[in-house]
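Everything quoted here is computed from the prediction, not taken from an experiment.
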Amino acid sequence: MKIGGILNSKIKIRISQKAYNELLKLLDDNKEYNCINFSYYSTCCQNGKISISLDNLKDNYIKDIIDNLNIIYNKDLLREIKQIDLVYKNNSFYVKAIPLTNTTNSCNSCCKKSCYTCNKNMQD
């Protein structure tokens, strides 16, 4: 397991050797990009989601380097997540994000009508 970002100002990122090799291969096959971008998306009634994309280094993003792999993410991710574990199996990347706190996002009034979890909880 390769590990980066162990300082308080960075997220702890753990990447399996297979995932690391696959990410390097993706970057090598797509030379217009030079890094991996982890993005945080807030979702209704649960912890946010992490997406992974090929990208280019950006000045206003936090940069981490694991061996030869450049990784960037913005401060939204840093405010919400303390650790990311990334593995590759069955031709897919799997991400586990450990939040800074153990609480989940609570629903706001705008999502209660469209959110299955909120509607189910309101009926119980």
Excluding sequence neighbours, so at least two apart, what forms ring-ring contact (aromatic ring centres under 6.0 Å, His included) with Y33?
-> none
Rounded distance [0.5 Å steps], CG in N68 versus CG in L23 | 12.5 Å
Are L86 and L77 in one and the same hydrophobic cluster, where Ile, Leu, Val, Met, Phe, Trp and Tyr link if side-chain heavy atoms are under 4.5 Å apart?
-> yes
Could you check if a side-chain atom of K18 sits within less than 4.5 angstrom of a side-chain atom of K89, using non-hydrogen atoms only?
-> no
Are I84 and I98 linked, directly or through other ILVMFWY residues, by side chains that come within less than 4.5 angstrom of each other?
-> no
Set of salt bridge (Lys or Arg N to Asp or Glu O under 4.0 Å) partners for K75, sequence neighbours left out = none
Single-linkage hydrophobic cluster V95~I71, side-chain heavy atoms < 4.5 angstrom = yes
Taking the side chain as every heavy atom from C-beta outward, state whether L69 and L27 have any atom pair closer than 4.5 Å.
-> yes
Going from CG on N70 to NZ on K63, what distance comes out if it is rounded to the nearest 0.5 angstrom?
-> 4.5 Å
Any residue meeting ring-ring contact (aromatic ring centres under 6.0 Å, His included) with Y61, in chain and number order, not counting sequence neighbours | none
Check residues 52-59 and write down every donor-acceptor pair under 3.5 Å in which the side-chain atom is one partner and the other belongs to a residue at least two apart or another chain.
from : atom 1 : to  : atom 2 : distance (Å)
D55  : OD2    : N37 : ND2    : 2.8
D55  : OD2    : K58 : NZ     : 3.0
N56  : OD1    : N34 : N      : 3.3
N56  : ND2    : E32 : O      : 3.3

Sorted by chain and number, sequence neighbours left out, salt bridge (Lys or Arg N to Asp or Glu O under 4.0 Å) with K31 holds for D28
